[in-house]
Structures are given as C-alpha cells and as structure tokens.
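This report refers to the structure that appears directly beneath it.
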Amino acid sequence: MDKNQSIDIKKNINELKIFIGERKINLIAVTKNQSVEKINEILMEGIRVIGENYLKEAQTKFLNLPKDIEKHFIGHLQKNKVKLAVKLFDVIQTVDSYELAEKISIEAQKQEKIMEIFFQINISNDPQKFGIKEEETLPFFKKIFKLKNLKITGLMTILENGLSALEIRNNYKKMKKLFDKIKIELNLKNDMVNLSMGMSSDYEIAIEEGSNMIRIGTKIFGERKFKAR
Ligand SMILES: *Cc1c(COP(=O)(O)O)cnc(C)c1O
C-alpha cells in the first residue's frame, strides 16, 4: 500500500498497541472529523473507547455506533450544551469551572445518571487554553465533591502547540505530581484512576511521565482535513 495515497488504520493501531505492550494504558481514538465508516474500521481493530470534540457531530455519529463503545467528551463544553453532553457521553473530560460542574450535576440528576468527569488542568498556564490552574486544583476538588451525581475519576490536560520536548516532559511531570498529590491528600486512591495526557505528537513522552490514558487522532487516521483541537 502506498503510504502517501492511503492511511493504513490497522497498521497504525497495531503500532500503538505494540508500543503500549503490557502496560495498563487506555487508548482513546479521537474521532472528530472522522466518518462513521472510519470509526467502524477502528472498532474492527478492537478499539472500544472514542473521544469526540463536537456535540452536534457526535449526536449524529453515535446513532450508528454499537452500545458498548465508551464515549469521552474531550472538547470545550459550553454551559448551554450540558444537557446533550450528559445524555450522549460516558465521560466528560473537560470540566474546568465550578459553574460547569454544577450544571452537569443538575443535569445528571434530571437524567438519573451518575456522570463520570475529569478535571481539565491548564498545567502550562497557557492564557489561550481552558483549564484549572495547578494551584487551584485542590480547593476546586473540595468544592465539587459536594455536588451530586458526579463521579470524579481523573485529570486531563492539553498542551499548547510549539513546546520543546523538554517543556512537554516537564509539564507532564507536573501533571503526574499533581495527580499523585490529589490522590494522597484527598484519599482518593481508588477513585482517581485516570491521567489523560498525550496526543499523537507526544504520547511517548506522556507515557514515560506517567500517563495512563492517551488521546490519539492523527496517528490513527492521518491528518485531519480541519485541524481543530
Ligand atoms: C484532537 C484532539 C486530540 C487528538 O489529537 P491528535 O494530535 O490528532 O492525536 C487529543 N485530545 C484533544 C483534546 C483533542 O482535541
């Protein structure tokens, strides 16, 4: 097969699986901008967890998916779209404000669902990125624990483009430290289990620094037509 002509999804997924090996690392296939046909291809290769960024897109695509696929919302969630997000997804990875958490809690109660959420941390303090500041994470946790129908099981981060390998590594190191600190200080060893960091360009570094959940789009499907992140 000519590499420049077509993307070999099967081969790409196999390479990722080989890299992961025996380690307990969740591979999330990021399916934004990908068709249902492409998603079906990855399901054939054993992928069971997918990530989507856009609610409208997810809504139509999910109609055709098997019921056992775990769906993670990884885009920025606007407060007026919480109802749909709670309905469509198993996990919302991008909770970044108290108001948003509160809305999700209210909506989860209405839908009689326990909503699994992660907190999005702006670990590099990038003014362009959403997320909770590192130093605000602990107090944020304490506040959100009181909200009903939420199950907080992880932290996630998205780094800005253009960082050096060393900067990426240092940010992921900081994330792992924060993750461990929260587990210990809040006694959450059994509940806080997911550290979602690493994308196509930096998943190797992320895993070396302790990630156990990588979100991979390009490395599976090839370049997206519209580069959104
Ligand atoms: C698009 C996206 C990814 C996947 O990015 P790739 O570089 O294509 O692997 C991962 N995480 C988030 C939050 C994204 O928006």
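Whatever order the structure lists ligands and atoms in, that order sets their numbers, starting from 1. This structure is a prediction, so every number in the text was calculated from the model and none was measured.
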task: Report yes or no: does a heavy atom of Arg224 sit under 4.0 Å from some atom of ligand 1?
output: yes
Whether Lys219 lies under 4.0 Å from ligand 1, heavy atom: no
query: Any donor and acceptor pair, going by atom type alone, linking the side chain of Ser211 with main-chain N or O of Met197 inside 3.5 Å?
result: yes
message: Using a 4.0 Å heavy-atom cut-off, which part of Asn53 comes near ligand 1: side chain, backbone, both, or neither?
response: side chain
- prompt: For ligand 1, which atoms, with element, lie under 4.0 Å from some heavy atom of Lys32?
  reply: 1 (C), 2 (C), 3 (C), 14 (C), 15 (O)
message: Under 4.0 Å from a heavy atom of Thr218: which atoms of ligand 1 are those, numbered in the order shown and with their elements?
response: 6 (P), 7 (O), 8 (O), 9 (O)
field: Ligand-side contact atoms (ligand 1) for residue partner Ile216, heavy atom cut-off under 4.0 Å
entry: 9 (O)
message: Within the 3.5 Å criterion, strictly below it, is a donor on Tyr172 or Asp202 matched to an acceptor on the partner's side chain?
response: yes
message: Using ring centroids (six-membered ring only for Trp), state whether Phe140 and Phe119 fall under 6.0 Å.
response: yes
task: Considering non-hydrogen atoms only, spot the tightest contact between Glu116 and Asp90 and give its length.
output: CB-O, 3.5 Å
- request: Give yes if a backbone or side-chain nitrogen or oxygen of Gly217 is under 3.5 Å from a nitrogen or oxygen of ligand 1, and no if not.
  value: yes
field: Reported CD1-to-CG distance for the pair Ile205 and Leu163, which is rounded to 0.5 angstrom
entry: 10.0 Å
task: Would you check if there is a donor-acceptor pair between the side chains of Lys81 and Gln78 at a distance under 3.5 Å?
output: yes
task: Mark up the atoms of ligand 1 that fall under 4.0 Å of a heavy atom belonging to Arg215, in ascending order.
output: 4 (C), 9 (O), 10 (C), 11 (N), 12 (C), 13 (C)
query: For Ile182 and Leu188, which heavy atoms make the closest approach, and how far apart are they?
result: CG2-CD1, 4.2 Å
query: Which ligand 1 atoms are under 4.0 Å away from a heavy-atom of Ile158?
result: 13 (C)
